[in-house]
Amino acid sequence: MNKLPPLTALRAFEATARRLSFTEAANELHVTQSAISRQVRLLEQHLGHALFVRLTRRIELTAQGASYYREISQAFEQISAAGQRLTGRRRRAHLTVAVLPGVAALWLMPRMELFWRENKDIEVRIVVSTAAADFSSGQIDMAIQVGALPGMRPRGLPLKNRMAVDWQGLRADALFADALVALCHPRLWRRHPLRTLEDLRQHCLIHTAVRPDAWAHWLHEQGGQLAVGQPGITCSQYAMSLQAALEGEGIALAPTILADSIDPGHRLRRLFDGPLPSAGHYYLLTPEQRYEDRAVLRFRQWLLAQAGQVGV
């Protein structure tokens, strides 16, 4: 007597148990939800046990279903591994990339679907961090940072951040320039036009915690200084600061790459003489020993191509 359960039913159960959703399992297997449900019931009849508890808006595995899933999932993994060995296909590559919060939210993540669509064999994990890149633990493979390279003479607005814990064995690829621009909603301009630095006293300044001294440095470079009692608000990240500017909460000071990403149509006015360059640049940092790895190479080439499309 054949004790093997119907294989179609088994596949339907594995996908449903893994996702705990008939709908998501149906999407994965490219069949209807009712077809998945029928196959699962067929398997339950074959085994003589209920595998799921069907609640109003969700499903849960029964004790027997959870035990059965643990065992058959191992079998599915073995089958997949056997197929990869037979066909000689490479395993899915994994990359962990540490990225500055503003760059991740406003510039990189909106583009990542393009990479995933063309590189289905590479899984990229984005880790948001403002800390200096530390490759010694092996927890990250690459990092996007802003600052000046060792030995470079700084020119422009000061940048005090540390890009890497240890520069030995690191390679840096330039992505785009770092320049700060003051931004104003047209509604605020109509209320109190900004033609000189003195006009800033009539407005609330939006500060960003990741660069707390940016306004002071920017004003000093322009020949001014922060006014005593100047109204202001502080946001933790540039995405929040720029959103506040778009809502007319005050005057923001932000990197052009982020401003252009969240406001490509230039709804916000660029004030005074436009962007002022900082003493740094945005870089992709990669350990030398990983520089030519297949996944690292493909992600780096894609990222540099994307950065080349930025008009800064």
Side-chain angles (χ1 to χ4, degrees), residues 95-118 124-133 140 142-147 156-157 159 161 163 172-186 188 205-215 217-218 232-271 274-285 299-300 302-312:
L95 281 181
T96 299
V97 185
V99 186
L100 297 168
V103 176
L106 302 178
W107 188 81
L108 181 58
M109 292 309 298
R111 292 169 165 78
M112 280 304 301
E113 184 183 355
L114 298 174
F115 180 82
W116 287 322
R117 192 186 305 158
E118 299 171 1
V124 180
R125 177 171 174 252
I126 304 299
V127 178
V128 173
S129 175
T130 58
I140 62 172
M142 311 171 85
I144 295 178
Q145 287 281 2
V146 62
L157 298 174
L159 262 176
N161 61 304
M163 286 201 289
D173 289 284
L175 294 176
F176 26 76
D178 180 52
L180 298 184
V181 63
L183 302 149
C184 174
H185 194 284
L188 297 185
L205 300 185
I206 302 172
H207 300 268
T208 307
V210 293
R211 288 200 199 177
D213 300 323
W215 266 115
H217 292 153
W218 185 88
I233 59 174
T234 298
C235 299
S236 61
Q237 306 295 342
Y238 275 117
M240 298 171 61
S241 295
L242 287 164
Q243 189 59 47
L246 284 167
E247 294 174 2
E249 299 294 330
I251 312 302
L253 186 66
T256 54
I257 180 62
L258 304 185
D260 291 342
S261 295
I262 199 173
D263 183 34
H266 284 206
R267 290 169 291 172
L268 298 173
R269 293 189 65 146
R270 274 59 175 166
L271 301 179
L276 284 181
S278 82
H281 210 88
Y282 284 89
Y283 293 96
L284 175 66
L285 307 182
F299 184 73
R300 183 177 73 252
W302 174 83
L303 194 68
L304 291 173
Q306 292 296 311
Q309 298 173 15
V310 179
V312 296

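Just so it is clear, the structure is predicted and the values come from calculations on it, not from any experiment. Note: hydrogens, waters and symmetry copies are ignored here, and every other heavy atom, side chains too, is used.
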Query raised in the report: With a 4.5 Å limit on heavy-atom distance, are the side chains of R270 and L183 in contact?
Result: yes
Exercise answer: donor-acceptor pairs, residues 234-249 side-chain atoms, under 3.5 Å, sequence neighbours excluded:
residue, atom, partner, partner atom, Å
S241, OG, T208, OG1, 2.7
S241, OG, Q237, O, 3.4
Q243, NE2, E247, OE2, 3.3

**Report entry** Euclidean distance, T256 OG1 relative to D263 CG, rounded to 0.5 Å
**Finding:** 12.5 Å
Requested in this report: Report the residue from V181, L100, V103 that forms a side-chain contact (heavy atoms from CB on, under 4.5 Å) with L258.
Outcome: V103
Requested in this report: Might you point out which heavy atoms bring P110 and L106 nearest each other, and give the distance in Å?
Outcome: CG-O, 3.6 Å
Report task. Give the minimum heavy-atom separation between A172 and Y283, together with the two atoms involved. Result -> CB-CD2, 4.0 Å
Query raised in the report: Quick check: does any side chain N or O of R111 sit under 3.5 Å from a backbone N or O of W107, one acting as donor and the other as acceptor?
Result: yes
Report task. Measure the spacing between NE2 of H185 and CG of L268 and express it to the nearest 0.5 Å. Result -> 7.0 Å
**Report entry** Main-chain N/O of D178 paired with H281 side-chain donor or acceptor, under 3.5 Å
**Finding:** no
Report task. Evaluate the side chain to side chain contact (heavy atoms under 4.5 Å, CB included) criterion for residues N161 and V146: first the C-alpha distance (whole Å), next the side-chain angles of each, then the deciding distance (0.1 Å), finally the verdict. Result -> CA-CA 8 Å; N161 61 304; V146 62; 4.0 Å; yes
Report task. Answer yes or no: is there a side-chain heavy-atom contact under 4.5 Å between W302 and M112? Result -> yes
Query raised in the report: If you round to the nearest 0.5 Å, how far is OG1 of T130 from CD of Q145?
Result: 8.5 Å
Query raised in the report: Which value, rounded to the nearest 0.5 Å, describes the distance between C184 atom SG and I206 atom CD1?
Result: 9.5 Å
Query raised in the report: What are the two closest non-hydrogen atoms of S129 and A131, and how far apart are they?
Result: OG-N, 3.1 Å
Query raised in the report: Is any side-chain heavy atom of L304 closer than 4.5 Å to a side-chain heavy atom of L175?
Result: yes
Report task. Provide the closest heavy-atom pair for L285 versus M163 in the form atom of the first, atom of the second, distance. Result -> CD1-O, 3.9 Å
Query raised in the report: Mind checking whether L159 and R211 have side chains closer than 4.5 Å, heavy atoms only?
Result: yes
**Report entry** Side chain proximity check, L276 to L180, heavy atoms < 4.5 angstrom
**Finding:** no
Requested in this report: Mind checking the CG-CH2 spacing from L253 to W218? Nearest 0.5 Å is all I need.
Outcome: 6.5 Å
**Report entry** Shortest non-hydrogen separation from I126 to A104 and the atoms involved
**Finding:** CG2-CB, 4.4 Å
Query - Heavy-atom pair of closest approach, residues A177 and Y282 - result: O-CD1, 3.8 Å
Query raised in the report: Does a side-chain heavy-atom distance below 4.5 Å link L303 with V97?
Result: no
Query raised in the report: Is there a donor-acceptor pair under 3.5 Å between the side chain of W215 and the backbone N or O of A252?
Result: no
